[in-house]
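Here the structure comes first, spelled out in structure tokens, and everything after it is commentary.
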2 protein chains.
Amino acid sequence: MSDSQPQGNETLPPEARTLAERVFQQLQDAIVRGELPAGTRITEPGLAQAYGISRGPLREAMRRLEVHRLIEREPHVGARVVRLSMRELLELFDVRESLESMAARLAARNMTTEEVESLRSVLGAHENQAGLDQGEAYYQREGDLDFHYLIARGSHNRMLMNMLCDDLYYLVRLYRTQYSARGARPQRAFVEHHRIVDAIAAGDEELAEMLMRRHITAARQTVAERYAMALDDGDGRAPISRRRMS
Amino acid sequence: MSDSQPQGNETLPPEARTLAERVFQQLQDAIVRGELPAGTRITEPGLAQAYGISRGPLREAMRRLEVHRLIEREPHVGARVVRLSMRELLELFDVRESLESMAARLAARNMTTEEVESLRSVLGAHENQAGLDQGEAYYQREGDLDFHYLIARGSHNRMLMNMLCDDLYYLVRLYRTQYSARGARPQRAFVEHHRIVDAIAAGDEELAEMLMRRHITAARQTVAERYAMALDDGDGRAPISRRRMS
DNA sequence: CAATTCAGCATTGTCGACACAGCTTGCATG
DNA sequence: CATGCAAGCTGTGTCGACAATGCTGAATTG
């Protein structure tokens with residue numbers, strides 16, 4: 001896997017920027033990977049000592065995490081890693097449906113042939129991977145997001161791209177670790193991905209938009225049905241698997 | 001107990017508790033109002049002294065402004081109030097179209113009768129206001145956003161609501177001050193607003209979504225045509241690049 | 001024995017100060 | 001006279017310390 005790390009920011013100064021920036025990305029990664037489980041209480045002195053920095057940059061990093069909805073803060077009380085409830089997860093799907101269908105429409109309008117080609121190559125790589133151990137599709141977890149990343153970038157809408165890549169997709173990854181959700185229905189997703197790419201390549205905006213909308217709606221449906229019996233509390237908390245990352 | 005009137009010290013300001021929060025809101029307001037014009041260079045000691053606080057809380061407020069896309073920061077260089085280019089403005093319209101059409105759909109599904117009623121009352125107030133001095137519709141500038149705010153809230157989708165109310169609508173207000181855009185086509189907008197409310201009241205999700213989409217598309221079209229002769233670069237490059245102040 | 005109050009502590013909020021980077025300016029030199 | 005270089009200055013990045021607030025726990029009292 002080349003980069004499951006999204007290039008959310010615009011330019012490419014990969015190495016040294018500011019300290020707060022690096023800590024922010026490290027924390028972001030640690031959260032979506034599950035190294036910091038949901039509900040973990042984050043104390044500023046603790047993390048500052050853990051990362052070997054002062055509280056100043058760490059506070060700024062936490063501010064950014066808060067705006068990105070990865071941690072929840074309460075004034076004078078503290079911060080905790082977000083615990084995605086089922087309701088918020090379904091809300092996320094609705095927002096994704098709206099944003100990504102627009103991204104698909106714009107991608108069909110603005111994507112260059114090279115971008116379409118790279119999209120096809122990524123899709124082919126995942127297909128081969130899925131052909132090896134079909135059914136499990138472990139790699140599909142990140143591969144699926146690679147696909148959506150490319151379409152978001154292909155929209156050539158910087159604002160839309162930032163919203164999807166910098167905000168929503170981190171929440172998606174967070175959900176997948178918190179619910180330990182393996183990518184369900186891999187073959188169906190593959191077919192849908194192919195059709196979306198075909199529509200984009202053909203420049204059919206309406207079709208691309210509709211297919212993407214159905215794609216995400218179907219995923220939402222699957223998730224909703226899957227957890228329908230497990231948790232029947234519309235507003236309640238999510239039953240997180242309290243497995244530690246060892 | 002003490003139900004009558006508690007001490008006026010802290011009634012219920014959920015976010016006015018910390019100093020950084022207040023400064024953030026003050027700065028946010030100052031920017032969208034135009035008191036801090038676009039491109040204004042923001043220096044931390046200057047603003048800190050202006051607001052009578054230290055640099056710590058001000059830095060956190062600036063971080064939040066940065067994430068909300070109201071200021072642009074460059075490491076070791078400084079921060080400036082964003083200058084919305086025409087391209088970014090059109091991008092904003094695309095994002096709004098996608099998000100608000102979904103909000104209208106969800107509002108048609110989830111809005112209570114009380115919410116619909118308040119929506120209608122707001123619309124009626126604006127209509128009377130526009131009846132007084134029709135054509136100018138000064139109030140319509142904020143009134144239009146009131147309308148969209150209520151629909152966003154009516155979606156009962158917290159994530160969608162936060163995205164619209166906390167991020168996009170501030171950018172919309174910022175654009176209106178920067179471009180000194182008076183609300184064009186007021187009567188048409190009124191008609192469209194009424195139809196949207198009717199669709200929402202009727203619970204017609206598809207219709208509400210489509211009408212909202214057309215509503216925003218028409219506004220985008222108007223803006224695009226209006227500035228077509230002033231800056232004519234389609235959607236390739238940003239016509240108003242970030243120029244140096246000097 | 002239970003409820004309440006108060007003292008102690010941990011953590012967050014805020015502040016002032018130091019270090020480093022980038023820009024400006026003045027001088028020296030070709 | 002133009003240009004390169006160096007020194008100063010402005011401003012950001014980072015740090016440690018102090019103050020304020022909320023939580024915890026035990027002791028006391030009805």
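Keep in mind the model is a prediction, meaning the values are calculated, not measured. In what follows, every heavy atom counts, from backbone to side chain, and hydrogens, waters and symmetry copies are set aside. By convention in this document, chain letters (A, B, ...) are assigned in the order of the sequence lines, proteins followed by strands, and residues within each chain are numbered from 1.
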**Message:** Tell me every residue that passes side-chain hydrogen bond (donor to acceptor under 3.5 Å, both in side chains) with R59(B), counting only those two or more places apart in sequence or in another chain.
**Reply:** E60(A), E44(B)

**Item:** Sugar-phosphate only, base, or nothing, as touched by I42(A) at under 4.0 Å among non-hydrogen atoms
**Value:** sugar-phosphate

**Request:** Inspect the surroundings of CD in Q26(A) and state if more than 12 heavy atoms from other residues, nucleotides or ligands are less than 6.0 Å away.
**Result:** yes

**Prompt:** Can you check the Q49(B) CD to dT12(D) P distance for me, whole Å?
**Reply:** 14 Å

**Request:** Kindly state each residue pair satisfying ring pair (Phe, Tyr, Trp, His ring centres under 6.0 Å) with at least one member in residues 59-89 of chain B, sequence neighbours excluded.
**Result:** F24(B)-H68(B)

**Request:** Mark up nucleotides 14-21 of chain D, 5' to 3', with B wherever a protein heavy atom is under 4.0 angstrom from a base atom, S wherever such an atom reaches only the sugar-phosphate, and - elsewhere.
**Result:** BBBB---S

**Message:** For T217(A), give me all partners under side-chain hydrogen bond (donor to acceptor under 3.5 Å, both in side chains), at least two apart in sequence or on another chain.
**Reply:** E97(A)

**Prompt:** How is L58(A) classified with respect to the nucleic acid when contacts are heavy atoms under 4.0 Å: base, sugar-phosphate, or nothing?
**Reply:** nothing

**Prompt:** Taking CD from E44(A) and C1' from dA10(C), how many angstroms apart are they, rounded to a whole number?
**Reply:** 12 Å

**Fill in**
M62(A) CE to dT12(C) C1', in whole Å, measures 9 Å

**S155(A): side-chain hydrogen bond (donor to acceptor under 3.5 Å, both in side chains) partners, not counting sequence neighbours** = none

**Prompt:** Which whole-number value in Å describes the distance from R41(A) CZ to dT11(C) P?
**Reply:** 7 Å

**Request:** Kindly write out the residues that satisfy side-chain hydrogen bond (donor to acceptor under 3.5 Å, both in side chains) with E74(A), not counting sequence neighbours, or none if the list is empty.
**Result:** none

